[in-house]
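All chains are named by letter (A, B, ...) in the order of the sequence lines, taking the proteins before the strands, and each is independently numbered beginning at 1.
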Amino acid sequence: MNLVLDIAVTHVRHRARQSLVAVAGVAIGVGFSIMMAALMEGSQNDFMKVLIDALPHITVSDQRRQAPPQPAEAAFAAAEIHGLTPQVLRRGIKNPLAIMAGLEGWVPGAVAPSVKVQALLRYAGRDIAASISGIDPRREPKVSQLATQMRQGDLKALYTAKDAIILGDRLAEKIGARLGANITVQTTEGARVTAHVVGLFHSGVRAADEGNAYVLIKTAQILAQQTGLVNELRVRAADPLSARRIADRIESETGYKSVSWQEANEDLLSALVIRNILMYTIVGAILLVASFGTYNIISTITHEKTRDIAILKSLGLRQATVRRIFLLESLIIGLLGAVIGWGIGFGLTVLLGSVEFKVSAVTEITRLPLAYSLWHYVLAAVVALLSSLLAGLFPARKAARLHPVDIIRGAT
Amino acid sequence: MSSAADAASSSLIVARDATRILEGVVPVTLVRGINMTVRPREFVAITGPSGSGKSSLLYLLGLLDLPTSGEVLIGGKATAHMDEDERAMIRLATLGFVFQFHFLLPEFSILDNVMLPMRALGQLSLDEIRARAHQLLDALGLSDRAHKLPEQLSGGQRQRVAVARALANDPPVILADEPTGSLDSKSSEQVFQILRDLVDQRGKTVVAVTHDLGLARRMDRRIQLVDGAIATDAANSHLPERSP
């Protein structure tokens, strides 16, 4: 064994109890860091999955980022015109089928049309506002998870009755409607249909389950009082992370406002970034606190070993060699702590994963979502080693600078 | 080349007007104006009353300390402008130290302690180092103690281990600070005889600080310090018998 390593190992081994305490400090720090990272990333992944699954990756609506200029403004190049009645534009996406065909040519994924209408659902004297989406049941499974989220009935049931409707399970619960009930759907413009409940879905997102309902496109067009209306195209990208890029291109090609799931949830995603910063700060703090234990033991060893340091230096060991001995001792403690911490971290994560929880604020899950990532283990170990090294740096420098004569003179 | 330069290059250790002042609120002069030369195969005793600067002089000669003024030459080379690592290298390869208290590493076996300077120098393979360490311990009558810890040995045995460690890298000079100071008379005699043999049989140079006038008289040359300065420096046959 290398001399430096030999001396370092001997020092650590001969202070077994103190070394064990320092190793335990690092190990617990690493273990809890791994568990925490698994929990944070797991919940984030789960949240993202629900977010991505619950909504279309891209929604192309019949709006534009900026309101088009009024004809008078365009004709007279006027800066401002007062007192004119604005031109009322016909709602909906122009030539939706042509746009869909164009998108299907280059978008990696699927496209489906829909008609979105705000309406009031009325049943047994209860009124609830809801967002009604007119969909094509054959295309819908390609752009959303609705088919797999059906708890009762299925999407094809929309064809089985005139003005059939699928409700979110919480929405159905709120108005007290069950499968087979006939509910009244009425818009603010006065359109009204009696819809037959043919299915219930459960997405896991409370807002959707409480406020969304699905009908056939034709029924939605009746509610919007506009034949042939398509006011939304929904795109599901093969790679959800490319949604923003695809949305930008769709918007530049069609002129219609095209919103990716990332843009729609920008606030939430920003919150996740802050959450991650917070997590890594806490993980760093845990390991930094653990490194105080390492500092303590290395300081103690250098203090107890001043005579040995004097001997080594008087024999001719260089300052750098003496410094390396104590830095290596810190690294040994850090390394042992990291390896044991891996075991603790894995054990804690498995233990946490086996405990059942019920969290119903945003999503409903029965077990904590956890992410097992090699990266967590590597990161925790690297931070542990670095903080251990940092903890050993000052005592090691002090040891290396020790003047052997001062010690020898004191001893004799 | 002048005769002084010739003398310096043929001498192992030369001190030229070396003075060491310990800085502090009240500066203390440890040694002052030391001029001396140690030649090959000499067995030199440094004697003097307590506080006369014997050990301080030895530390200067062994490059463990630096003179405040003047200089120390080792093998004809000036050491004043050497950095700490260069001086450490000279200590490792050219000088061997034996202290009053054995100063062995308590957690390492006797064998490991003897191997340590050789491992630090790194010129031999581990097998060669181990073989040489066994050879040294054997020569000092400690072969059966090789795997013991220092605390399991008597004072005399520990000091013999310290001598073995000092000889590990086969340095031409051994510097000993009160090597028999903490030993009983029998062990003192054993250690002294080992040092004597090093000079007579192995051609080493030994500079030893000692309080023991009897031992000092049996060395080749005696340098007597008084108040940090050399009072007498002569071959033993020329010195009158008086207290150290």
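Using a 4.5 Å cut-off between heavy atoms, B:Ile129 does not touch chain A at all. Interface residue B:Leu22: only side-chain heavy atoms are found under 4.5 Å from chain A. With a threshold of 4.5 angstrom between heavy atoms, A:Ile311 approaches chain B through side-chain atoms but not through N, CA, C or O.
The number of heavy atoms from other shown groups lying within 6.0 Å of CZ (B:Phe192) is above 12. Counting heavy atoms of neighbouring residues, nucleotides and ligands inside a 6.0 Å radius, atom OH of A:Tyr377 exceeds 12 of them. Residue-environment remark: CZ (A:Arg244) exceeds the threshold of 12 foreign heavy atoms within 6.0 Å. The number of heavy atoms from other shown groups lying within 6.0 Å of CZ (A:Phe292) does not exceed 12.
Annotation: the span from A:Lys313 atom NZ to B:Leu64 atom CG amounts to 10.5 Å, rounded to 0.5 Å. The line from CZ of B:Phe99 to OG of A:Ser314 is 4.0 Å long, rounded to the nearest 0.5 Å. Rounding to the nearest 0.5 angstrom, the gap separating the CE atom in B:Met115 from the CG atom in A:Asp6 is 8.5 Å. Here the CD1-CZ distance, from A:Ile7 to B:Phe108, works out to 5.0 Å after rounding to the nearest 0.5 Å. To the nearest 0.5 Å, atom CG of residue A:Asp406 and atom OH of residue B:Tyr59 are 10.5 Å apart.
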Problem - Derivation of the side-chain contact (heavy atoms from CB on, under 4.5 Å) call for B:Leu116 and A:Leu317 - result: CA-CA 10 Å; B:Leu116 201 140; A:Leu317 260 72; 4.2 Å; yes
Problem - Intermediate values then yes/no, side-chain contact (heavy atoms from CB on, under 4.5 Å), A:Leu315 and B:Arg165 - result: CA-CA 9 Å; A:Leu315 289 178; B:Arg165 184 180 64 185; 3.8 Å; yes
Practice task
Just do the side-chain contact (heavy atoms from CB on, under 4.5 Å) check on B:Leu105 and A:Leu312 with the steps written out, would you?
Solution key: CA-CA 9 Å; B:Leu105 298 182; A:Leu312 293 170; 3.9 Å; yes
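Taking B:Pro106, B:Ala166, B:Ala168 one by one and counting their heavy-atom pairs under 4.5 Å with chain A, the maximum is reached by B:Pro106.
Judged as a side chain to side chain donor-acceptor pair (under 3.5 Å), the pairs with a partner in residues 150-160 of chain B (not counting sequence neighbours) are, in order, B:Ser154-B:Gln157.
Of all heavy-atom pairs spanning B:Asp65 and A:His403, the tightest one is OD1-NE2, 3.9 Å.
Proximity to chain A among residues 80-91 of chain B is limited to B:Glu84, B:Asp85, B:Ala88, B:Arg91, judged by heavy-atom separations below 4.5 angstrom.
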